[in-house]
Amino acid sequence: MERITRILAFLEQNPKDNFLRHALALEYIKTGKLEEARSLFEAVLTDSPDYVGSYYHLAKLLEQLQQTDLAIQWYEKGMEAAKAAGDNHALNELRAAYEDLIY
């Protein structure tokens with residue numbers, strides 16, 4: 001809980017900071033606040049579709065929530081964003097998770 005409190009304090013000063021919102025979403029997942037995490041990841045990707053790291057985590061979370069079709073869509077969007085950014089590492093991680101899900 002202490003980490004969440006600290007991140008929230010930083011977010012008060014910088015409410016649109018993608019790194020902080022992403023970090024808070026990951027902390028929320030650890031504490032079982034899955035819908036809060038989902039909202040944060042979606043907000044990050046709505047504001048900054050090039051924030052490639054959040055695609056993987058959002059899609060994994062959607063898998064956990066049994067929303068497979070949405071997870072597939074986010075993996076696909078993430079692969080496109082990773083290609084556009086030239087981020088082959090993220091592209092490979094997204095592709096592997098995507099293929100594990102659909103095959």
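The shown structure was predicted, so the numbers you read here are calculated from the model rather than taken from an experiment.
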### Message
Pairing donors with acceptors under 3.5 angstrom, does anything connect the side chains of Y75 and E63?
### Response
yes
### Query
What is the distance from atom NZ of K60 to atom CG of D100, rounded to the nearest 0.5 Å?
6.5 Å
### Query
How long is the span from the CZ atom in R6 to the CG atom in L24, to the nearest 0.5 Å?
12.5 Å
### Task
Answer whether the closest heavy-atom distance between the side chains of L62 and L58 falls below 4.5 Å.
yes
## Note on the structure
In this structure, CG of L11 is separated from CD1 of I4 (nearest 0.5 Å) by 11.5 Å
### Message
Within this structure, what is the OH-CG distance for the pair Y51 and L45, rounded to the nearest 0.5 Å?
### Response
10.0 Å
### Query
Is atom CD of E99 surrounded by more than 12 heavy atoms (other residues, nucleotides or ligands) closer than 6.0 Å?
yes
### Task
Enter the distance from T5:OG1 to F10:CZ here, rounded to the nearest 0.5 Å.
12.0 Å
### Query
Taking all non-hydrogen atoms of both residues, which atom of A37 and which atom of A25 are closest, and how far apart?
CB-O, 3.4 Å
### Query
Distance from S54 atom OG to L26 atom CG, nearest 0.5 Å?
8.0 Å
### Query
Can you find a heavy atom in the side chain of H22 that is under 4.5 Å from one in the side chain of D17?
no
### Message
So, using salt bridge (Lys or Arg N to Asp or Glu O under 4.0 Å) as the criterion, who are the partners of K83 when residues are at least two apart?
### Response
E80
### Query
Where do T68 and I72 land on the side-chain contact (heavy atoms from CB on, under 4.5 Å) test, with the steps shown first?
CA-CA 6 Å; T68 304; I72 289 169; 4.0 Å; yes
### Minimum-distance pair of heavy atoms, taken over all atoms of L94 and A82
CD1-CB, 4.2 Å
### Query
Does a side-chain heavy-atom distance below 4.5 Å link Y55 with P49?
yes
### Message
As a quick check of understanding, evaluate side-chain contact (heavy atoms from CB on, under 4.5 Å) for E35 and L65, giving each step before the final call.
### Response
CA-CA 9 Å; E35 287 302 326; L65 294 171; 3.7 Å; yes
### Least distance between heavy atoms, A71 atom then L101 atom
CB-CD2, 3.9 Å
#### Entry: Heavy-atom closest contact (H57 atom, G53 atom, distance)
CD2-O, 3.2 Å
### Query
Does any non-hydrogen side-chain atom of V44 lie less than 4.5 Å from one of L40?
no
### Task
Start with the C-alpha distance between Y56 and W74, add both sets of side-chain angles, then the distance that settles side-chain contact (heavy atoms from CB on, under 4.5 Å), and finish with yes or no.
CA-CA 8 Å; Y56 176 88; W74 281 106; over 6 Å; no
### Under 3.5 Å side-chain donor-acceptor pair for R38 and Q67
yes
### Message
Would you say that K33 contacts E27 through its side chain, given a criterion of any heavy-atom pair below 4.5 Å between the two side chains?
### Response
no
#### Entry: Side-chain heavy atoms of F41 within contact of L61, under 4.5 Å
yes
